[in-house]
There are 2 protein chains.
Amino acid sequence: MTDRPVPPPADAGGATEQTGVGGTAGAEPATARGEQTRQLILDTALRLFRERGYAQTTMRGIAKEAGVAVGNAYYYFSSKEHLIQEFYAETGVEHRARAAAVLARETEFAPRLRGVLHAGIDTLAPSHEFAATFFKTAAEPTSPLSPFSPESSPTRQASIALFRETLTGSTAKVDPELRDELPELLWLAYLGVVLYWVHDRSPGQAKTRTLINGAVPLIDRLVGLSRLRVLRPVTRDVLGLIRTLRP
Amino acid sequence: MTDRPVPPPADAGGATEQTGVGGTAGAEPATARGEQTRQLILDTALRLFRERGYAQTTMRGIAKEAGVAVGNAYYYFSSKEHLIQEFYAETGVEHRARAAAVLARETEFAPRLRGVLHAGIDTLAPSHEFAATFFKTAAEPTSPLSPFSPESSPTRQASIALFRETLTGSTAKVDPELRDELPELLWLAYLGVVLYWVHDRSPGQAKTRTLINGAVPLIDRLVGLSRLRVLRPVTRDVLGLIRTLRP
DNA sequence: CACGGAAGTTGAACGTGTTCGACATCGCGG
DNA sequence: CCGCGATGTCGAACACGTTCAACTTCCGTG
């Protein structure tokens, strides 16, 4: 399908768009054989996504290439989109690994943040072609793949934790009030960078690197400035608004 | 289909995702009969989208309801997604109309911006259910529906012009350097508001209203502050970065 | 060893968006 | 009035994502 047509027209209720949340995420393999098949299908799928792009890769193609029936792929992954969630997870793990190397050697806030952001793009880089075409599914609010969805919570929390570590592990002096909220804001900024990267058509996505290199000093300076008398009220108001807006 | 599988596997070139840009946007009717049919199909489609949601509305359903063949719909609109672009256009026109009323009576920057932002959400409000599910197609960089795409240029320029009018028609004193760039930044902020709105699950999307009411004074204050000595360099750097990053 | 249920696997079948060659209707020049 | 090309219309056919009832394989228990 593509757009999740509610399968049984149950839900006598109304014309709501209803999607996802309760949706089965595919089976967690219980045996070694299952685990192996699952991994085979996943590897094949991600390889084909990178080789041919997301849209040009069909579930039939994945199944044939992996040597299984199409129904078998659906036994482990409840939809084509769910294969992407696995991609997210893998990406997140690699991002944190790369970031750890940076955080181990840098102590100042700016270089730490700069390194972590670049590490994220480094991780994503090989998949730029195909990432661009599926990021749209992540943009749908009702999709379990949305970075704000409950299903993405583990990945999101891990990512926010990474930015918390980036901040608290640094020598930066930060308004204590801001200190609690900043990691989430940095994560949001990272989302913005990724959004820019997805749209970035410059060779090697060089402009995204420019964005990071230019934005980090600005963020750094702004964080320092936030303790200034003239800016104090602004800072307070921003934080207040954010707290109000959080779901 | 849904995900634009390059129809003929031509393009011997490579595995690029290739999409859109050259894609036919459907026929511009040349006769009165054509114009009438086109409008009938469009009205039917948008009505069904609002009634049933985007995914639950099928091209066959639209055709049947409009009393035409499915192939006929494709004569005027080259894909289901292209029906959405029409929705954008209609929305933009209504937004500008509502905004004009506000701009006619307000002279200060903050209330003007506040009014224009609320007008945008007012316009979108009746379509929240269905807007949420298709905004994802707008998020795909290669999609003609992306707000950054060449195809969206007219709508985008009109929207930016609206924010320019919001600013220049006001009594606000703005750093002349900022004055040129600010409208585009305000448009970006509007996009951010819409993005929040799409994800906003609060009753009546009340939180989006809170966001607008809270963010506008902040923006207003920040714009004023930008002329301050301490912030001058930051302002310069931000503007420099933006100019570098623009495609 | 036999059996029974859980786990894994299959592929035909459904409804979808989209395409395309054939047909219908129109308006205009002869 | 007759053609004839452009414009509009049609619906069967295609490939896709997804479902599901039937089947097979596996393993622990009696």
Side-chain angles (χ1 to χ4, degrees), chain A residues 1-10 19-20 23-41 45 48-49 52-64 66-84 133-134 137 143, chain B residues 1-10 19-20 23-41 45 48-49 52-64 66-84 133-134 137 143:
Chain A
M1 44 68 100
T2 274
D3 274 289
R4 209 162 343 210
V6 173
T19 295
T24 147
E28 215 51 42
T31 72
R33 171 167 67 123
E35 181 56 42
Q36 202 171 339
T37 306
R38 192 194 126 99
Q39 202 55 234
L40 171 65
I41 293 169
L48 291 185
F49 285 165
R52 312 178 183 173
Y54 181 71
Q56 283 72 27
T57 303
T58 71
M59 291 301 281
R60 287 171 177 79
I62 295 170
K64 174 177 276 189
V68 301
V70 59
N72 201 2
Y74 280 92
Y75 181 74
Y76 293 105
F77 306 95
S78 56
S79 76
K80 192 181 174 187
E81 287 187 2
H82 270 84
L83 284 162
I84 294 176
T133 68
F134 77 62
T137 72
S143 167
Chain B
M1 33 81 66
T2 273
D3 273 287
R4 210 164 339 214
V6 172
T19 294
T24 149
E28 215 49 42
T31 73
R33 173 167 66 121
E35 180 57 42
Q36 203 170 339
T37 308
R38 191 193 125 99
Q39 201 55 234
L40 171 64
I41 292 169
L48 291 186
F49 284 165
R52 313 177 182 174
Y54 181 71
Q56 282 74 28
T57 303
T58 70
M59 291 302 282
R60 287 170 178 78
I62 295 170
K64 174 178 276 187
V68 301
V70 61
N72 201 3
Y74 279 92
Y75 182 74
Y76 293 105
F77 306 94
S78 56
S79 75
K80 191 181 175 188
E81 287 188 4
H82 270 84
L83 285 163
I84 294 176
T133 70
F134 78 60
T137 72
S143 167

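This structure is a prediction, so every number in the text was calculated from the model and none was measured. Below, chain A is the first sequence line, B the second, and so on; all start at residue 1. Every heavy atom of this structure was used, including side-chain atoms; hydrogens, water molecules and symmetry mates were not.
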* Starting at the 5' end of DNA chain C, which residue's closest nucleotide do you reach first, Val68(A) or Gly71(B)? -> Val68(A)

* What integer distance in Å separates Asn72(B):CG from dT25(C):C1'? -> 13 Å

* Could you give the OH-to-C1' distance, from Tyr74(A) to dT10(C), as a whole number of Å? -> 15 Å

* Structure fact -> Rounded to whole Å, CD of Gln36(A) lies from C1' of dG8(C) at a distance of 13 Å

* dG17(C), dT9(D), dC26(D): which one has an atom nearest the side-chain heavy atoms of Met59(B)? -> dG17(C)

* To do: Among the candidates dT9(D), dA7(C), dG17(C), find the nucleotide nearest to the side-chain atoms of Ala30(A).
  => dA7(C)

* Take atom CZ of Phe77(B) and atom P of dG17(C), then tell me their distance rounded to the nearest Å. => 16 Å

* On the ring face of Tyr74(B), is Lys80(B) found with NZ or CZ under 6.0 Å from the centre and within 45° of the axis? -> no

* Asked: Counting distance only, does the side-chain N/O of Thr57(A) pair as donor-acceptor with the main-chain N or O of Leu48(A) below 3.5 Å?
  -> yes

* Structure fact -> Atom OH of Tyr76(A) and atom P of dT18(D) are separated, to the nearest Å, by 18 Å

* Structure fact -> Against the side chain of Tyr75(B), the closest entry in dC26(D), dG8(D), dC16(D) is dG8(D)

* Does Thr31(A) make a side-chain N or O approach to OP1 or OP2 of dG8(C) shorter than 4.0 Å? -> yes

* Asked: Can you check whether Thr37(A) has a side-chain N or O nearer than 4.0 Å to OP1 or OP2 of dG8(C)?
  -> no

